[in-house]
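One structure below.
Numbering of ligands and ligand atoms starts at 1, following listing order. Below, each value reflects all heavy atoms present in this structure, side chains not excepted, and no hydrogens, waters or symmetry copies.
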Amino acid sequence: QAGEPEVEVFSVPSYACQRRTSLENHNAPLTDALSLLAENAELNDEEGRGVAFRRAAALLKTLPSAVMSASQLRGLPCLGEHSLREILETGTSTEVESTKGSERFKALKVLTGIFGVGAKTADRWIREGIHDLHQLRASGQHYADINQPVTRAEADAIEAIVEKAVSSVLRGAQIVLTGGFRRGKPSGHDVDFLITHPEEGREEGLMPKVVSWLEKTTRNSYLESKDGPGRPPSNMDRFERCLSIFKLPGAAETPQRAWRAVRVDLVVSPISQFAFALLGWTGSKLFERELRRWAGHERGMSLSSHALYDNKQVNEGAASEEEIFAHLGLEFVPPSERNA
Ligand code: DCP
Ligand code: MG
């Protein structure tokens, strides 16, 4: 009809792993608002609400253009009960504004912005009356390292060091950069690596050797290892994992120091499980969650960073990420399109 504005009604598959989500986001104001609500929910231990907001944000990130009216979103999953309509009409929502203004949220943000401080510690401090860095210092705690994003250049510098460490302690061992940097992000909160060896079994016992090489050889660029042998394995997977802190020269975050700390997450996987580990450690977190939900709910399968089991508990081996997507009945999504 003449004069009628053309409004595109978006139609999107419900699972994030069925979609392509690049870093190009046409709906940043909306996804920022929803991410803020997700963050607040997560900081307050409301996991279900957090996931709902993350799903809604992921859905908007995948759209090919900016949403102009709520009618374009009719029928889309995950977008029901949220303050989305209000944000679309007014540019914000009462819940977003009250969250931003909330003393507790502000304190949680400031305190979890400190290196190594999570929601639990921040919550304890708030209950003790500590809301900001000034009060934290006055309480006698010394947490000077404020989280600063890691750049791609820093990740590349660290990759060169880890590469050298790994090939020095075991000939033929290989490393891959995973996490956000593999998805093409320009920065991240840490640097993630997956380590393997093309001969099954050769990777056993590799982690302690890599860690001691780093400690001995790069005295100035390696600080400490917070995980690894001795610590019970995380519930996430059973790979040898080590959370370490590198100290990089340059860009001082405090005037007293000439270096800054960067988190590095090292994971060792046997080659037989490498494709699953690679898929599992590339993220995004929501993409991984959606892959596992798809596997369970739509396929009766069970996916982890180690294996894929079908409904008869038969292990579906895979030599590549492509094979895993095929087993799951999904179209392959390259890492750069997994930014859900
Ligand atoms: N991962 C996961 N579930 C977890 C922890 C990790 O699925 N509880 C997977 C998905 C993540 C990847 O491991 O994308 C790496 O974890 P990070 O926390 O480092 O996430 P990113 O690298 O994606 O984010 P950032 O760029 O902030 O480091
Ligand atoms: Mg990361």
Side-chain angles (χ1 to χ4, degrees), residues 15-17 21-23 25 31-32 35 38-39 42-43 45 47 50-51 54-55 57-58 61 109 112-120 146-159 162 175-196 226-227 232-246 248 260-269 273-296 302-308 321 324 328 333-340:
Y15 289 82
C17 54
T21 313
S22 73
L23 288 170
N25 179 359
T31 60
D32 286 352
S35 301
E39 193 181 7
E42 286 157 4
L43 286 170
D45 231 4
E47 209 202 323
V51 173
R54 295 268 176 225
R55 280 214 192 110
K61 283 184 200 168
K109 283 282 285 184
T112 57
I114 300 166
F115 211 92
V117 176
K120 282 207 179 69
I146 303 303
N147 286 334
Q148 248 186 302
V150 188
T151 64
R152 178 71 206 211
E154 288 169 331
D156 291 341
I158 289 169
E159 181 169 23
V162 176
I175 69 161
V176 185
L177 186 59
T178 60
F181 287 111
R182 181 161 184 251
R183 303 197 307 276
K185 276 177 62 181
S187 67
H189 95 285
D190 69 355
V191 193
D192 307 286
F193 293 102
L194 184 58
I195 305 169
T196 192
K226 290 208 302 187
D227 205 327
S234 77
N235 58 6
M236 223 198 106
D237 58 39
R238 302 175 302 281
F239 294 123
E240 274 196 277
R241 180 176 179 193
C242 173
L243 298 165
S244 24
I245 314 283
F246 277 54
L248 288 185
R260 76 185 206 86
V262 174
R263 267 180 269 236
V264 177
D265 209 342
L266 304 172
V267 174
V268 172
S269 146
Q273 300 175 11
F274 180 75
F276 296 98
L278 184 60
L279 180 59
W281 286 94
T282 296
S284 67
K285 279 193 189 94
L286 186 84
F287 192 90
E288 299 295 334
R289 183 184 271 275
E290 292 280 276
L291 271 176
R292 293 190 296 266
R293 192 166 70 98
W294 168 271
S302 159
L303 174 69
S304 74
S305 298
H306 299 274
L308 176 66
E321 289 185 321
I324 304 172
L328 288 168
V333 179
S336 64
E337 308 277 349
R338 296 181 203 159
N339 286 292

*If hydrogens are left out, which of Leu291, Leu286, Asp192 has an atom nearest to atom 16 (O) of ligand 1, that is, the closest non-hydrogen atom?*
Asp192

_Arg289, portion touching ligand 1 at heavy-atom distance under 4.0 Å_ = neither

_I'd like to know if the side chain of Glu337 and the backbone of Pro334 have a donor-acceptor N/O pair within less than 3.5 Å._
no

_I'd like to know if the side chain of Trp294 and the backbone of Leu328 have a donor-acceptor N/O pair within less than 3.5 Å._
yes

*Taking Arg183 for its side chain and Thr282 for its backbone only, find out whether a donor-acceptor pair lies under 3.5 Å.*
yes

*When only distance counts, is Arg292 in polar contact with ligand 1, meaning an N/O pair under 3.5 Å?*
no

*Give a yes/no verdict on whether any heavy atom in Gly280 is under 4.0 Å from an atom of ligand 1.*
yes

*Would you please determine whether Thr282 falls within less than 4.0 Å of ligand 1 on a heavy-atom basis?*
yes

*Below 4.0 angstrom from a heavy atom of Asp190, which ligand 1 atoms are there? Numbered from 1 as shown, please.*
19 (O), 28 (O)

*asked:* Tell me if a side-chain donor or acceptor on Thr112 pairs with a main-chain N or O of Ala119 at a distance below 3.5 Å.
replied: no

_In the protein, N/O/S atoms that are found under 2.8 Å from the Mg ion (ligand 2), waters not counted_ = Asp190 OD1, Asp192 OD2

*Check ring pair (Phe, Tyr, Trp, His ring centres under 6.0 Å) between Phe276 and all other residues, then give those that pass, not counting sequence neighbours.*
none

*Say whether Gly180, considering both its backbone and side-chain N or O atoms, lies within less than 3.5 Å of an N or O atom on ligand 1.*
yes

*asked:* I need the atoms of ligand 1 closer than 4.0 Å to a non-hydrogen atom of Gly179, numbered in the order shown.
replied: 22 (O)

*asked:* Are any of the N/O atoms on Ser284, whether in the backbone or the side chain, positioned under 3.5 angstrom from an N/O atom of ligand 1?
replied: no

*Main-chain N/O of Val333 paired to Arg338 side chain as donor or acceptor, under 3.5 Å*: yes

*Test item: Ile158 and Phe193 side chains (from C-beta on) under 4.5 Å apart, heavy atoms*: yes

*Side-chain contact, heavy-atom cut-off 4.5 Å: Leu303 with Ile324?*
yes

*For Asp192, enumerate each residue passing the side-chain hydrogen bond (donor to acceptor under 3.5 Å, both in side chains) test, keeping only those at least two apart in sequence or located in another chain.*
none

*asked:* Can you name the atoms of ligand 1, numbered from 1 with element, that are less than 4.0 Å from a heavy atom of Glu288?
replied: 7 (O), 10 (C)

_Using a 4.0 Å cut-off to any heavy atom of Arg183, which atoms of ligand 1 qualify?_
14 (O), 23 (O)

*Is the side chain of Ser269 donor-acceptor paired with the backbone N or O of Thr196 at a distance under 3.5 Å, no angle test?*
no

*asked:* Just to verify, what does Glu42 make a side-chain hydrogen bond (donor to acceptor under 3.5 Å, both in side chains) with, not counting sequence neighbours?
replied: Arg54

*Could you tell me whether His189 approaches ligand 1 through its side chain, its backbone, both or neither, with non-hydrogen atoms closer than 4.0 Å?*
both

*Number the atoms of ligand 1 from 1 as they appear, then name those within less than 4.0 Å of a heavy atom of Gly283, with their elements.*
10 (C), 11 (C), 14 (O)

_Salt bridge or not between Glu288 and Lys285? Use side-chain N to carboxylate O under 4.0 Å._
no

